[in-house]
There are 2 protein chains.
Amino acid sequence: MDQTAPHFDSDLLDPPEAGSIYQAIRDDIVNGRLAPNERLVISALATRYGTSTNPIREALQQLRGEGYVVFSYNRGARVRSLDEDFIRDITEVQALIEPYLTELFVELVSDADIVRLESIQDEIEELNFADIYRHSALDTAFHRTLYDRHYNRLAFEQWWRNREIMGAISSRFPYSLSRRTAVLKEHRELIAALRGHDAPRACEVIARHTRGSGLHIVEHMRAARHRSQN
Amino acid sequence: MDQTAPHFDSDLLDPPEAGSIYQAIRDDIVNGRLAPNERLVISALATRYGTSTNPIREALQQLRGEGYVVFSYNRGARVRSLDEDFIRDITEVQALIEPYLTELFVELVSDADIVRLESIQDEIEELNFADIYRHSALDTAFHRTLYDRHYNRLAFEQWWRNREIMGAISSRFPYSLSRRTAVLKEHRELIAALRGHDAPRACEVIARHTRGSGLHIVEHMRAARHRSQN
DNA sequence: CGTTGACAGATAATGTACGATCTGAAAGCG
DNA sequence: CGCTTTCAGATCGTACATTATCTGTCAACG
């Protein structure tokens, strides 16, 4: 079973060495090694990734087009700052896309799919948020099972990008107890809806799931902001 | 001081000269001067826009991130090919975003907004598709009136990008008679729904409008493909 | 005679280096 | 204390070097 790592191709073939700088920078952003709003100095990145400046400049421009990086003229690039408003916005877009992607999956879901989802979910519950990175990987696998085979690659890529951005920020916060129980409950609810081929219910659950995830992040951000205002 | 500055027609916005190459290339794509699937040769573009290669390379990378351009390693860039599947995909995403954006507008619509929409619509009907470019500008103004003030800039930008891409392809086809009547009818229907603050109806109309627009393009593409297969 | 395959030159993408501004901030001056 | 000057560091544009791919010719072969 090819359990795919969080490795996602924007090109079909990974060029031997080419887009790897883009990949590396993007990974560093979504994993928090390059923090939101952090300045991205070209020469520093060039030495960091062991190349000259031009590949860095091009990678940053691509990331700019994807929304990970912002530029000011003659002042260089920064990692996009992820404030509460932006998380709210991205969450609402996800709450549109995910039910849309789910809707088709309800049509074409097979028994094997259900088994796979349940096995992932079993593992999630067994792990019980002990290892956050492992949990994140499992959660990603769960959702990708739903969306991977959708014909609409544009929507899928949009969803994936947004998910990575949200992951970048949410990995800094712990799961609250209420959020944990909600995640588990909603996953189980979704599986039940899929088994019954109940599209409206599946879409409702996934929309609730998505909104809850965003709200959870925003609440953490708000709390952190208040703490720092003492 | 005597800098024979290549002042492109006195700019009205933005940094002096910075992203203007990006803008120029994007405009050329969405206006069809650079056709779908056309090869984008860096040196050729450099001479075309009167600059060296690096700004071109960076602009293309940004456009890649936005989905206008695709790369293959060591083989350069092409304008994204817009096949029927992609139009279908982009249409379905638009059919998610536009009702979402409309929903809020129903809440905050003012009498002045209604007046403005009606005046645009009057002009559209008076023009009656005689000048396609003018019609397109008016139609854009109509829809932007609905979405411009939405707080979700991410969704707005996504909508705008998709709209420009669809405009790039649809401008090559004439409006069929049935499509013309549908457009006018749906705009009027939308205004009526807005006046009555009827959100569900407004969303339904705009979703139908969006899907119809996409379907219209796909039908033209299909017809053109069959013609060329003789 | 037509097709295929290899080779060489041309073309273009990718990487490196450098110089010309621009920015931001600290030092100098009134 | 505020304004100007200076200056290091960074961005942005230009030029060049290095490969990789494409094209067309020509000979070998069926």
Side-chain angles (χ1 to χ4, degrees), chain A residues 9-26 28-29 34-66 68-81, chain B residues 1-8 11 13-26 28-29 34-81:
Chain A
D9 48 5
S10 76
D11 285 328
L12 295 113
L13 289 176
D14 287 303
E17 186 59 27
S20 69
I21 294 158
Y22 157 79
Q23 279 285 348
I25 296 178
R26 201 184 67 159
D28 283 351
I29 290 175
L34 293 171
N37 210 36
E38 181 171 340
R39 179 112 188 261
L40 295 170
V41 177
I42 302 202
S43 55
L45 295 175
T47 57
R48 170 170 178 165
Y49 298 107
T51 176
S52 66
T53 59
N54 242 356
I56 303 290
R57 281 156 70 168
E58 291 178 9
L60 289 181
Q61 291 295 339
Q62 187 182 351
L63 292 164
R64 172 195 205 172
E66 292 174 354
Y68 292 102
V69 165
V70 294
F71 273 74
S72 333
Y73 184 67
N74 271 337
R75 287 201 232 161
R78 305 184 94 92
V79 180
R80 161 161 234 157
S81 76
Chain B
M1 302 305 174
D2 55 337
Q3 185 149 339
T4 57
H7 264 160
F8 298 145
D11 39 39
L13 57 137
D14 285 350
E17 178 60 30
S20 71
I21 295 159
Y22 157 78
Q23 278 285 349
I25 297 178
R26 203 184 67 158
D28 283 350
I29 290 175
L34 293 170
N37 211 35
E38 180 171 340
R39 178 109 189 264
L40 295 171
V41 177
I42 304 217
S43 55
L45 294 175
T47 59
R48 170 170 179 166
Y49 298 107
T51 177
S52 65
T53 59
N54 243 355
I56 304 289
R57 283 156 69 169
E58 292 177 7
L60 289 181
Q61 291 294 339
Q62 188 181 350
L63 291 165
R64 171 196 206 173
E66 293 174 353
Y68 290 102
V69 165
V70 294
F71 274 73
S72 8
Y73 185 68
N74 270 337
R75 289 186 181 181
R78 305 185 95 93
V79 179
R80 161 159 234 157
S81 77

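Bear in mind the structure is a predicted one, so any value in this text is a computation, not a measurement. In what follows, every chain begins at residue 1, and chains take the letters A, B, ... in the order their sequences are listed.
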### Task
Figure out the CD/C1' separation between A:Glu58 and D:dG13, and round it to whole Å.
14 Å
Considering only nitrogen or oxygen atoms on both sides, find all protein atoms under 3.5 Å from nucleotides 18-20 of chain D and state each distance.
{"residue": "D:dA20", "atom": "O3'", "partner": "B:Asn74", "partner atom": "ND2", "Å": "3.3"}

### Query
With sequence neighbours excluded, what pairs up with A:Arg64 under the salt bridge (Lys or Arg N to Asp or Glu O under 4.0 Å) test?
none
## Note on the structure
Output for pair (B:Glu58 CD, A:Gln61 CD), nearest 0.5 Å, gives 5.0 Å
### Task
Answer yes or no: does a side-chain N or O of B:Arg39 lie under 4.0 Å from OP1 or OP2 of C:dA13?
yes
### Summary
Between CZ of A:Arg57 and P of D:dT11 the distance, given in whole Å, is 9 Å
### Spacing of OG1 belonging to A:Thr53 relative to CG belonging to B:Asn54, to within rounding of 0.5 Å
7.5 Å
#### Entry: First of B:Gln61 and A:Thr53 reached from the 5' end of DNA chain C, by closest nucleotide
B:Gln61
### Query
With respect to the phosphate group of D:dT14, does any side-chain polar atom (N or O) of B:Thr51 fall under 4.0 Å of OP1 or OP2?
yes
### Summary
To the nearest angstrom, the CZ-P distance between B:Arg48 and C:dA12 comes to 15 Å
### Query
Quick one: B:Asn54 CG to D:dA10 C1', roughly how many Å, whole number?
15 Å
### Task
Tell me, please, which residues at least two apart from B:Ala24 pass side chain to side chain contact (heavy atoms under 4.5 Å, CB included).
B:Tyr49
### Query
When the distance from CZ of B:Arg78 to P of D:dT21 is rounded to whole Å, what number comes out?
15 Å
### Message
Among residues at least two apart in sequence or on other chains, which ones pass salt bridge (Lys or Arg N to Asp or Glu O under 4.0 Å) with B:Arg78?
### Response
none
#### Entry: Spacing between B:Leu40 atom CG and C:dT14 atom P, to the nearest angstrom
12 Å
### Task
With the side chain of B:Arg75 defined as its heavy atoms from C-beta on, choose the nearest nucleotide among D:dA10, D:dG13, D:dC22.
D:dC22
### Task
Using whole Å, report how far CZ of B:Arg64 lies from C1' of C:dT14.
12 Å
### Query
Residues in salt bridge (Lys or Arg N to Asp or Glu O under 4.0 Å) with A:Arg80, at least two apart?
none
### Query
What pairs meet the side-chain hydrogen bond (donor to acceptor under 3.5 Å, both in side chains) rule with one or both residues in residues 35-48 of chain B, with sequence neighbours excluded?
B:Asp28-B:Arg48
### Task
Let me know the distance between CD1 of A:Ile42 and P of D:dG13, rounded to the nearest Å.
11 Å
